[in-house]
Amino acid sequence: MLVKRDFLRLALLLALATGTLAQQKPASYPAPSLERLRAHVAYLASDKLEGRRTGTEGANAAARYIAEEFARHNLRPGGSNSHALATASGASRYMQQFPFVAGIELGKNNSMLFTPRAASLQPSGEATATAASTRAAALDLRLGEDWMPLGFSASANIAGAPVTFVGYGIRATELRHDDYAGVDVKGRIVVALAGTPEGDNPHGRFSRYADVRWKAIAAREQGAAALVVIARAENFREERLARLNYDNSTGDVALPAVVISRAAAARILGLNSPTQLAALEKDVDKWSAARGSTEIRGYIVTVGVKFDLLDGVALSIQTDIARQQTPGTNVIGILEGSDSQLKNEAIIIGAHYDHLGRGGAGSLAPREGEVHHGADDNASGVAGLLELSRIFSEKGMRPRRTIIFIAFGGEEEGLLGSNYYVNHPIVPLAQTIAMINMDMIGRQKENQLMIGGTGTAAEWRDLINAANQAMFKTESPQTGGAIDSAKIQRFSLTLNEDGYGPSDHSSFYAKQVPVLFFFTGTHEDYHKPSDTADKINYESEARIVSLVAAIVRSIDTSDKRPTYTVAKSESTRNVAMSFRVTLGVVPNYAEAGDGMKIDGVRDDSPAAKAGLLAGDRITKLAGREVRNVYDYTYALGEMKAGEEYEIEVVRESQTLKLKITPTARK
């Protein structure tokens, strides 16, 4: 096989590559096996594992499979505790648990009651000219049929609170739009439409405000007692908001937040039918277009719209939500180094094995319920990880340094597994000289390969380029074994310097460990059920695994460890929300509830100049409470470049109030 023949020439070719990181000539070692790669991906992406959502039996089965492969390759277990994943083969010994909320369930005390407070008051507005008598005298709403708590709702009991309708419940300073302008909602329950005035337009001005979490934060910031969102689906059983999804990066939003059916909303609003509710929505869109601030003859004029649709209405809401705690799992196998001194240093090779289960949070599919197979994301990376564990554990191939193979859980939930590992490492991070991460390496197009983190060590670019040039030169039988330049098959590399990014290597770079991130790009099946095993390009994945093996071997054979450097900021995947300003902090997505923890601070950034440090926990920003990453990004979206703001952080047990001036995002 051509790949195998080329791979066996690596030892000779790499000896010519560099003088700094290839001081010893590596021995020949096995090539990746296409059959094994196919088998690994086929199992991990099978219907049987149901998408491997962290905390599910499918993810647990994947963890057992990986542990058994590590055991087959005679890797030493790196787990720290035993639990329900224990099997006769001792798979639990490879498991490192981390705390995880697998989901939420309703408690026994959930209720919602509507009552009129002053029947003489009538709703106003073009579409609501209906008698107050059409509004029910009292309405005890049915849980699951008329309303549901949202997954991030707090548990609370609010009795007989007055109600205010706030349109879409959006506050967008940069768009000069504020649905709360001129309205005092302190202590009141606010009712808002789902979505935005632009409908489902993903490229519209309001697109980033469509997420109902921003509505909840806006309501809380204005002092509201609770938020009620009117469903968009006509059939409440098909309403996505009515499903109890939980996001581990947010916790609860610190106020009750619920979704109500369109039929129930129409009755509360005093409308005859959901058809009139649709007419009301069109009116709100029209009124929203007219509101905001505008400049007339040099003066800023604010145009406001006040809704009195719910004057005279009271709601009682009791929410009772229980979090389902279950452990997440990292799977760790250790190959101890052969050198008496260098074996105390570790190289980590990692890939996350979790995916999106049957959809929900993170999915790009139009509806939930279908298995999201996750063949490329990230069964492909795990297959590469398992092949590398086999290659490096082959007899006679023992590396000088210790190699730690880690299959991370909870990546899709916010880098939970890798974040836990860097705070509970098997080998001290000071002795961890490099972290190599593979995430989505199975759908290569036109020989393109992206490698992130190339600015995190001074030697990375030379090492990568040398390995890439040396890796795929083939011998020509017509020239008596000499190199035939016409048969050079290098990867077309895109090198990204940034060590941060939306995958597990980011957790290590935040702790000043040099990292490399291998990635073949997104595609039309990304985060959809259609990401299946039959679409993986196993031949190109084998070549990528070979390149990773070559780079790891080159790191290992050098007496000198890679030199950590601070990389310039770039972007590997366009998954983040777009903001006008930046502070230069790297948020922690794994912890929420008592502030947003900072994993890293970029050099020469506003955060660095303000004196923020990795490990600080932001609790207030620009006068707004910060409990989690959503609160932080909400506040960030309201800030302006060049203006000074106060930021409050907790450092160890001390609360600090600092001044920070954001800069414009480039």
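Heads up: numbering here begins at 1 and tracks the sequence.
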Does Thr663 form a side chain to side chain contact (heavy atoms under 4.5 Å, CB included) with Thr582? I'd like the steps, not just the answer.
CA-CA 6 Å; Thr663 57; Thr582 181; 3.5 Å; yes

Give a yes or no answer on whether the side chain of [X] reaches the backbone of [Y] with a donor-acceptor pair at less than 3.5 Å.
X      : Y      : answer
Thr56  : Arg53  : yes
Ser380 : Ile441 : yes
Thr454 : Asn496 : yes
His352 : Asp354 : yes
Asn447 : Arg490 : yes
Asp211 : Trp214 : no
Tyr94  : Leu75  : yes
Ser492 : Gln448 : no
Ser506 : Tyr500 : no

Using a 6.0 Å distance limit plus a 45 degree cone around the ring axis, check whether Arg543 lies over the aromatic ring of Phe491.
yes

Go through the side-chain N and O atoms of [X] and [Y] and say whether any donor and acceptor fall under 3.5 Å apart.
X      : Y      : result
Asn419 : Ser507 : no
Asp531 : His372 : no
Glu105 : Gln324 : yes
His505 : Asp439 : no
Tyr538 : Arg38  : no

Does a side-chain heavy-atom distance below 4.5 Å link [X] with [Y]?
X      : Y      : result
Val212 : Phe152 : yes
Lys445 : Thr520 : no
Ile464 : Leu516 : yes
Ile217 : Tyr630 : yes
Pro529 : Val371 : no
Arg602 : Val566 : no
Phe518 : Ile551 : yes
Pro32  : Ile391 : yes

Minimum-distance pair of heavy atoms, taken over all atoms of [X] and [Y]:
X      : Y      : answer
Pro197 : Ile170 : CD-CD1, 4.1 Å
Ala62  : Arg52  : CB-CD, 3.9 Å
Ile598 : Val601 : CG2-CG2, 3.9 Å
Pro562 : Trp460 : CG-CH2, 3.7 Å
Ala265 : Leu277 : CB-CD2, 4.4 Å
Met596 : Val629 : SD-CA, 3.9 Å

How long is the span from the [atom1] atom in [X] to the [atom2] atom in [Y], to the nearest 0.5 Å?
X      : Y      : atom1 : atom2 : result
His355 : Ser363 : NE2   : OG    : 8.0 Å
Arg390 : Ser33  : CZ    : OG    : 6.0 Å
Leu44  : Ile66  : CG    : CD1   : 6.0 Å
Met435 : Ile349 : CE    : CD1   : 9.5 Å
Leu385 : Ile406 : CG    : CD1   : 9.0 Å
Tyr246 : Leu150 : OH    : CG    : 14.0 Å

Ile332 vs Phe405, test: side chain to side chain contact (heavy atoms under 4.5 Å, CB included). Steps then yes/no.
CA-CA 6 Å; Ile332 305 174; Phe405 299 90; over 6 Å; no

Any carboxylate oxygen within less than 4.0 angstrom of a Lys/Arg side-chain nitrogen, looking at [X] and [Y]?
X      : Y      : answer
Arg461 : Glu497 : yes
Lys511 : Asp599 : no
Glu239 : Arg232 : no
Glu524 : Lys535 : no

Only residue of Asp534, Asp525, Asp376 satisfying salt bridge (charged side-chain N to carboxylate O under 4.0 Å, His left out) with Arg443 is Asp525

Please work out which of the three classes, parallel, tilted or perpendicular, describes the rings of [Y] and [X], given edges at 30° and 60°.
X      : Y      : answer
Phe206 : His177 : perpendicular
His523 : Tyr526 : perpendicular
Tyr65  : His40  : perpendicular

Step-by-step salt bridge (Lys or Arg N to Asp or Glu O under 4.0 Å) determination, Arg358 to Glu370:
CA-CA 5 Å; Arg358 290 185 174 270; Glu370 293 183 68; over 6 Å; no

Check the pair Arg243, Glu238 against salt bridge (Lys or Arg N to Asp or Glu O under 4.0 Å), reporting the backbone distance first and the verdict last.
CA-CA 9 Å; Arg243 302 182 183 115; Glu238 297 177 358; over 6 Å; no

Check against side chain to side chain contact (heavy atoms under 4.5 Å, CB included), Thr494 and Leu449
CA-CA 6 Å; Thr494 298; Leu449 176 62; over 6 Å; no

Would you please indicate yes or no on a ring centroid separation below 6.0 angstrom for Trp147 and Phe236?
no

Measure from the ring center of Phe408 to the ring center of Tyr353 and say whether it is less than 6.0 Å.
no

Decide yes or no on side chain to side chain contact (heavy atoms under 4.5 Å, CB included) for Glu541 and Gln444, but give the supporting numbers first.
CA-CA 8 Å; Glu541 177 168 349; Gln444 189 179 54; over 6 Å; no

